Amino acid sequence: MNLSEFDLIDSYFKRSTTVQNSGVALGIGDDCALLDIPEGYQLAVSTDSLVCGVHFFEDVDPYRLGYKALAVNLSDLAAMGALPKWVSLAITLPNGAMVNNNPNWLSEFTRGFFALADKFDVVLVGGDTTKGPLSITVSVKGIVPRGLALQRNKANLGDLICVSNFIGDGALGLSIKLNELAVTNPQYFVDALELTEPRVDLGILLRGLASSCIDISDGLTQDLIHILKASHCAANIAIESLPLSKTMRKEVNLGKLNNDEAVQYALTGGDDYELLFTISENNLRLLEQRIAQQTQPIPSLSVIGRTTLQQSELIAFFKEKQAVTYSTGGWDHFK
Ligand code: ADP
Ligand code: MG
C-alpha cells in the first residue's frame with residue numbers, strides 16, 4: 001500500500017511529546033512550529049544534509065542512518081556549548097516508507113533518529129516530506145545563555161589545544177567499509193563511524209572556560225585550521241599526544257597498519273565528532289574540577305598542543321620535540 005505524504009507524516013514523524021519543559025507551544029501539524037526560548041538565552045541553529053551516495057551507502061542500516069543524521073547535528077550544538085531542544089527533519093524518499101526493497105526502512109530510520117532524540121530530550125517539531133532521490137536534511141535548535149556560546153574566533157595566544165576521547169577510529173571505519181583496509185576488529189571502527197556520540201555534556205561544561213571550540217567532522221588539522229584562521233594564530237601539535245584508541249594501537253601492534261598511518265587517520269581522517277577546543281592552563285584546571293563533580297560520564301581529554309604566533313605554516317608538528325612533517329589535508333566536498 002502506498003501511503004500519502006500526510007499518512008507518512010502522521011505514521012512516522014508525529015508523536016506526542018513527553019519531554020518536560022520542552023518549550024514546544026505548537027509542534028507538527030501547522031504551517032510553523034512555535035517554540036518558547038527562555039529569558040536570557042540565545043537560539044543556536046545548525047543544519048546538516050546527508051545525501052545517498054555521498055554521505056552514506058544505500059544499503060546502510062537505516063537505524064544507524066537515522067541515528068547519525070541527528071548525531072552529526074547535535075555535535076554542532078555541542079561544539080557551541082548549546083543545550084539541544086528541537087529538531088526538524090526534511091526527508092526525500094524515492095518510494096514512500098520503502099527504500100532498497102526494505103518495507104521497514106522508514107520505521108527503522110525513525111527508530112534510530114528517535115532513540116538519540118529521546119536520549120537528549122530533543123523534540124521533532126516539523127519538517128518536510130518529499131519524493132525523489134534519497135536525502136536527509138536535519139536542522140537542530142538549541143539554547144545557550146546569552147554570550148556564553150563557544151565560537152571559533154576567540155582562541156588566545158599560548159592556550160592549550162585539547163581534544164576529547166579518541167580520534168581516527170571513524171575514518172578507519174570508513175576505510176574498512178570501502179574495503180581499503182582489513183583489520184582484526186572491524187566492527188569497533190564501523191561502530192565509531194556510524195554510532196557517533198555527540199559530546200553535548202562536555203560542550204556545556206566548556207561554557208565560560210574554553211576560548212574556542214569546534215567539532216571534528218572533516219579531520220583534526222582541517223578543523224583546527226578553522227579555529228586558527230578565525231582566531232589569527234598558529235599551533236604546535238605534539239604527535240605523540242594524539243589520543244589513539246586502544247583498539248587502534250592494537251591494530252598497529254598486530255601490523256594491520258603502521259604507526260604513521262594511524263597518525264594520518266587521526267590528523268586528517270574526519271568523522272570523529274569529538275570536540276577540539278582551546279583553553280588557558282588555569283581554565284583547564286577549573287574544567288577538570290567541573291568534570292570531577294559530574295555524575296554522568298564525560299570523555300577523557302588530551303592536551304595535544306598549544307597556540308602560537310604564526311610564522312610560516314599554520315600548524316607545526318613535533319615528535320618528541322623534533323619538528324616533523326605531516327599532511328594537513330581533510331575532507332572537502334568540492335575538491
Ligand atoms: P506545508 O505544506 O504547510 O509546508 P507540510 O504539508 O509540508 O506543510 O507539512 C505538514 C506538517 O507536517 C508541518 O507541520 C510540517 O512541519 C510537518 N512535517 C512534514 N514532514 C515532516 C517530517 N519529515 N518530520 C517532521 N515533521 C514533518
Ligand atoms: Mg512544507
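Sequence positions, counted from 1, serve as the residue numbers for this chain. First listed ligand is number 1; within each ligand, the first listed atom is number 1. None of the values given here were measured: they were computed from a predicted structure. For the numbers below, each heavy atom of this structure counts, side chains included, while hydrogens, waters and symmetry mates do not.
Atom numbering of ligand 1 starts at 1 in the shown order; those under 4.0 Å from a heavy atom of Glu5 are 6 (O), 7 (O). Close contacts between ligand 1 and Gly29 involve ligand atoms 11 (C), 13 (C), 14 (O) [criterion: under 4.0 Å to a heavy atom]. Against a heavy-atom cut-off of under 4.0 Å, Asp30 is close to the following atoms of ligand 1: 13 (C), 14 (O). Under a 4.0 Å criterion applied to the non-hydrogen atoms of Gly126, ligand 1 contributes the atoms 16 (O), 24 (N), 25 (C), 26 (N), 27 (C).
The residue from Asn73, Asp271, Leu195, Val138 that alone fulfils the side-chain contact (heavy atoms from CB on, under 4.5 Å) condition with Lys68 is Asp271.
Polar contact check, Val125 against ligand 1: no nitrogen or oxygen pair lies under 3.5 Å apart. In terms of polar-atom proximity, defined here as any N/O pair under 3.5 Å, Leu124 makes no such contact with ligand 1. The distance criterion of under 3.5 Å between nitrogen or oxygen atoms is met by Gly127 with respect to ligand 1.
For atom 1 (P) of ligand 1, the nearest non-hydrogen atom from the set Ile28, Thr129, Asp31, Leu93 comes from Asp31.
Remark: Arg199 fails to qualify as a cation-pi partner of Tyr273 under the 6.0 Å distance and 45° angle criteria applied to the six-membered ring.
Atom CG of Leu148 is separated from atom CG of Leu206 by 11.5 Å, given to the nearest 0.5 angstrom.
No donor-acceptor pair closer than 3.5 Å links the side chain of Gln322 to the backbone N or O of Phe318.
A salt bridge is absent between Asp169 and Lys246: the closest approach of a Lys/Arg side-chain nitrogen to an acidic carboxylate oxygen does not fall below 4.0 angstrom. A salt bridge is defined here as a Lys NZ or Arg NE, NH1 or NH2 lying under 4.0 Å from an Asp or Glu carboxylate O, and Glu108 with Arg111 meets this definition.
Using a 4.0 Å cut-off between heavy atoms, Ile9 contacts ligand 1 through its side chain alone, with no backbone atom that close.
Between the side chains of Asn153 and Ser231, not a single donor N or O lies within less than 3.5 Å of an accepting N or O.
Within the structure, the closest approach of Phe6 to ligand 1 falls below 4.0 Å when heavy atoms are considered.
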